[in-house]
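Order of the sequence lines fixes the chain letters, A, B, ..., with proteins taken first and strands second; residue numbering starts at 1 for each chain. What you see below is based on every heavy atom in this structure, not just the backbone, and it leaves out hydrogens, waters and symmetry mates.
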Amino acid sequence: MAAKDSVVQKEMLTACGHHMDPPLVNIELAQDILDVCRSMSLWPMTFGLACCAIEMMATGMARFDMARFGAEVFRPSPRQADVMIVAGTVTKKMAPAVVRLYEQMPGPKWVIAMGNCAISGGPFKIKDNYNVVEGVDKIIPVDVYVPGCPPRPEGLLEGFFQLQRNITGKRWWPVAAEVEG
Amino acid sequence: MSAYQNLEQMKGDFYTQKFEAGKQDGTLIINMGPQHPSTHGVLRIVIEVDGEYIVRAEPVLGYLHRMHEKMGESQTWGGFIPNMGRVDYGHPMAWNWSYVGAVEKLMGIEVPERAEYLRVIMTEFNRLTSHLLWWGAYILDLGAFTPIMYAFDDREMILDILQRPSASRLTYSNFRVGGVQMDFDDKCIELMKAFIPHFRERLPMYHDLVTENLILRRRIEGVGIIDADMCRRYGCTGPVLRGAGVAYDVRKDEPYSIYDRFDFDIPTQTSACSAGRYHVRVAEMEQSLRIIEQALEQLDGAEGKHIVDKAPKPSMKPPAGETYFNTEGGRGKVGVYAVSDGTKVPYRVKLRAPGFSNMNAFAECSTGMILADAVAVLGSLDLIIPELDR
Amino acid sequence: MLQALEGLSTQCVAKQDKGKTGHAWSVFLAPGQIVTAAQKLYESEYSLEDVLALDFEEGFLVIYHFNRWNIDERVTLRVLVSKDKPTVPSIASIFDGAEWHERETRDFHGVNFEGNPNLVPILMAAEDVDFHPLIKTAKVRKSIKDLLNRGEVISCNKEIEELFAEAEAEEASDA
């Protein structure tokens with residue numbers, strides 16, 4: 001099974017670390033069942049910053065439908081969300097807001113960095129960069145990286161499956177078959 | 001040590017403190033954004049409310065300033081085209097077109113006829129995706145969850161079509177100086193021809209179920225008056241201006257490319273409120289379909305290829321000079337002002353975003369309305385924030 | 001002669017090739033003349049498209065683009081200010097939209113607009129108020145005459161003539 005705390009502790013801007021205390025009565029089977037329940041109903045926070053937000057919306061719509069995998073209910077408030085999908089570019093002005101929202105989420109919480117901008121600054125990582133934070137993992141801990149500019153909705157769904165694998169230890173959904181020709 | 005034990009931080013940041021200077025008694029200063037359930041992106045508006053009524057509003061931009069104009073001075077002329085896909089992800093082909101049109105003017109390149117038709121068809125399909133996204137998101141802001149599902153269903157059909165010549169779903173960068181990246185294949189044209197009657201069937205359904213809905217009408221009629229004089233003072237264009245009664249469309253008033261060959265109307269409304277802007281955009285969708293239909297018919301007779309022969313390489317060197325090129329985007333008049341110094345890197349690229357001017361009018365038109373109406377007005381302005389912040 | 005600017009004191013008025021440059025008229029003005037020019041354009045039904053600045057060796061060239069809705073006749077107003085005192089009066093009292101455009105120009109180039117009701121950073125972060133990203137290094141900065149075409153001159157005063165004088169002397173010697 002996956003490690004209980006799968007994120008490496010790093011020096012972050014956040015005052016509080018990303019760490020949950022183990023419960024008083026710690027039975028592994030109960031924890032595993034809870035992990036499966038959590039991973040099957042991850043509630044994302046609407047944190048679409050730029051272009052990737054539209055692909056995130058498309059993933060929630062009828063054709064790709066994240067609701068099948070449990071991630072239907074997009075919560076605008078961080079207090080009610082489990083996973084923060086950082087979809088888009090983080091700039092210097094926005095960075096304190098990102099950190100504050102991350103801190104306001106109650107644990108256990110996860111972060112998916114969607115799109116090249118959230119992974120590394122993307123197309124805006126230029127020599128004279130003066131305003132773009134080069135990757136959201138510079139300010140908050142990230143669990144899954146979904147590359148693309150913007151990633152296809154199928155890519156974001158794959159990111160969810162990886163997150164579910166991180167939480168529960170196994171992948172629950174079949175891998176897409178190779179297309180002939 | 002919690003971040004919130006620092007009381008100095010609780011007083012707000014630079015913009016809140018500046019706004020507080022003009023505060024009246026008995027009012028509350030709140031932030032709308034930068035993280036907000038309405039899908040407009042990272043826009044922050046500092047509002048002073050007296051109960052539910054807005055006394056003053058001031059938008060704070062810059063949360064998505066991605067240095068496009070700085071990149072314009074460090075990328076090559078051809079290497080800047082992908083930036084144009086990201087400035088306005090709602091209607092990126094209008095920005096693509098404005099930029100390559102400006103470079104073509106500088107270099108004196110004439111685009112082959114077939115490439116012009118391909119550009120028109122793709123840009124009008126892109127306008128449809130932009131308006132469908134706007135429509136779905138606007139109704140979602142106002143509280144209805146189903147129309148966006150239908151809008152995105154139609155939008156996915158168009159994205160399947162546009163994927164074929166551009167290999168992109170959202171941030172298209174397939175325009176090149178001298179033409180477009182790829183020609184349409186037969187399957188693509190077949191899908192396009194099948195889409196038009198399908199969408200024509202759907203539009204009346206949207207009208208009956210949504211546009212005539214009493215709740216929607218009460219929420220958007222008479223809300224957010226931006227009349228023609230305000231539009232002129234702020235430089236508003238696009239559906240905001242056409243909703244105020246002025247029939248100004250860059251495709252007809254500053255014609256570019258082959259738009260003079262098509263027969264289409266410019267829908268206007270005189271009410272200058274959110275409902276007027278709403279009706280203008282819904283009517284524009286039908287006009288885009290008309291243009292696409294006519295262009296598809298005329299496409300077979302077009303001469304030339306999808307790109308000019310000996311198309312310039314990305315490291316092209318346009319002769320020194322300045323130029324200004326406009327196109328009609330889904331949000332208004334998209335302008336690119338480019339200055340070349342004869343090297344392979346531009347001297348200055350200025351991006352004139354329609355949303356920047358449209359948003360400017362919000363502060364004046366929002367005084368005195370209730371907070372819920374502010375949401376209705378913001379949605380009717382159809383903002384895409386990367387365009388405001390560039 | 002452009003009717004909207006008749007009777008206005010200017011530094012240089014020239015017709016430009018609309019097909020090539022996108023604008024029909026280009027007018028050089030001194031900083032003190034910009035407000036009256038904007039007033040006259042407002043009364044002639046022009047609307048403001050944008051305000052921007054270019055960084056040249058001679059100074060900052062602040063450019064205003066105006067156009068009408070019913071007739072396409074773009075007018076470009078150009079104001080040249082020196083690097084050590086880049087101050088231009090603001091036209092925000094006439095065209096309210098200019099307030100934001102001027103703030104953006106201040107952000108990118110450091111041009112000061114006197115009379116702008118709200119001259120704080122708009123796109124840059126508040127702590128970057130003194131950083132102006134689009135100012136060029138001396139290596140890549142060019143001169144006005146290398147890049148801009150004076151156009152078909154209607155009336156011109158000595159300063160602007162001198163600005164473009166070298167370029168025309170070179171062209172005459174090439175010809």
Engineer: Any salt bridge between C/Lys142 and B/Asp341, counting N to O under 4.0 Å?
Structural biologist: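 Looking at C/Lys142 and B/Asp341, the cut-off is met.
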
Engineer: Indicate yes or no for a side-chain donor-acceptor contact from B/Arg232 to the backbone of C/Tyr42 under 3.5 Å, with no hydrogens or angles considered.
Structural biologist: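 Such a contact is found between B/Arg232 side chain and C/Tyr42 backbone.
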
Engineer: Mind ranking C/Phe95, C/Trp100, C/Phe66 by heavy-atom pairs under 4.5 Å with chain B and telling me who comes out on top?
Structural biologist: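 Most pairs with chain B among the choices: C/Trp100.
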
Engineer: Without swapping roles, check the side chain of C/Asp96 against the backbone of B/Tyr234 for a donor-acceptor pair under 3.5 Å.
Structural biologist: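 Absent.
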
Engineer: For B/Asp382, enumerate each residue passing the side-chain hydrogen bond (donor to acceptor under 3.5 Å, both in side chains) test, keeping only those at least two apart in sequence or located in another chain.
Structural biologist: B/Arg331

Engineer: So B/Tyr324 and C/Thr21, side-chain contact (heavy atoms from CB on, under 4.5 Å) or not? Walk me through it.
Structural biologist: CA-CA 6 Å; B/Tyr324 197 104; C/Thr21 58; over 6 Å; no

Engineer: So which of C/Arg141, C/Glu99, C/Lys136, C/His23 has the biggest tally of heavy-atom pairs under 4.5 Å with chain B?
Structural biologist: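 Between C/Arg141, C/Glu99, C/Lys136, C/His23, the count favours C/Lys136.
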
Engineer: Within the distance-only criterion (no hydrogens, no angle test), does the side chain of B/Lys70 pair as donor or acceptor with the backbone N or O of C/Leu134 below 3.5 angstrom?
Structural biologist: no

Engineer: When you measure from the side chain of B/Arg233 to the backbone N and O of C/Ser47, does any donor-acceptor pair fall under 3.5 Å?
Structural biologist: no

Engineer: Contact part of B/Met67 toward chain C, heavy-atom cut-off under 4.5 Å: side chain, backbone, both or neither?
Structural biologist: neither

Engineer: Quick check on the interface: out of C/Met124, C/Glu127, C/His101, who has the most heavy-atom pairs with chain B under 4.5 Å?
Structural biologist: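 That would be C/His101.
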
Engineer: Aromatic ring centroids of B/His65 and C/Phe108 under 6.0 Å?
Structural biologist: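 B/His65 vs C/Phe108: aromatic centres under 6.0 Å.
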
Engineer: Can you tell me how the ring of C/Phe56 sits relative to the ring of B/Tyr347, calling it parallel under 30°, perpendicular over 60° and tilted otherwise?
Structural biologist: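 Rings of C/Phe56 and B/Tyr347: parallel, under 30°.
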
Engineer: Select one option (side chain, backbone, both, neither) describing which atoms of B/Leu241 are under 4.5 Å from chain C's heavy atoms.
Structural biologist: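 Just the side chain, heavy atoms under 4.5 Å.
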
Engineer: Restricting to non-hydrogen atoms, name the atom on B/Val246 and the atom on C/Trp69 that form the minimum distance, rounded to 0.1 Å.
Structural biologist: CG1-CE3, 3.7 Å

Engineer: Contact between C/Asp55 and B/Arg348 at the side-chain level, heavy atoms closer than 4.5 Å - yes or no?
Structural biologist: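 C/Asp55 vs B/Arg348: side chains apart.
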
Engineer: Does this structure show an ion pair linking C/Glu104 with B/Lys350, if we count only N-O contacts that are shorter than 4.0 Å?
Structural biologist: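 Yes, C/Glu104 and B/Lys350 are salt-bridged.
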
Engineer: Indicate the atoms forming the closest heavy-atom contact of C/Pro121 with B/Tyr15, along with that distance.
Structural biologist: O-OH, 2.7 Å

Engineer: Considering non-hydrogen atoms only, spot the tightest contact between B/Leu388 and C/Leu123 and give its length.
Structural biologist: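 Closest approach of B/Leu388 to C/Leu123, heavy atoms only: O-CD2, 3.9 Å.
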
Engineer: Tell me yes or no: between the side chains of C/Asn67 and B/Lys333, is some donor less than 3.5 Å from an acceptor?
Structural biologist: no

Engineer: Only pairs of heavy atoms separated by less than 4.5 Å count here; which of C/Asp107, C/Leu48, C/Val120, C/Ile71 has the most with chain B?
Structural biologist: C/Val120

Engineer: Please find the pair of heavy atoms, one from C/Glu49 and one from B/Glu254, that lie closest to each other, and give the distance.
Structural biologist: OE2-OE2, 4.4 Å

Engineer: Any Lys/Arg nitrogen of B/Glu322 or C/Arg78 sitting under 4.0 Å from an Asp/Glu carboxylate oxygen of the other?
Structural biologist: yes

Engineer: I'd like to verify something: which residue of C/Ala53, C/Ala125, C/Ala98 has the highest number of heavy-atom pairs under 4.5 Å with chain B?
Structural biologist: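 Ranked by heavy-atom pairs under 4.5 Å with chain B, first place is C/Ala53.
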
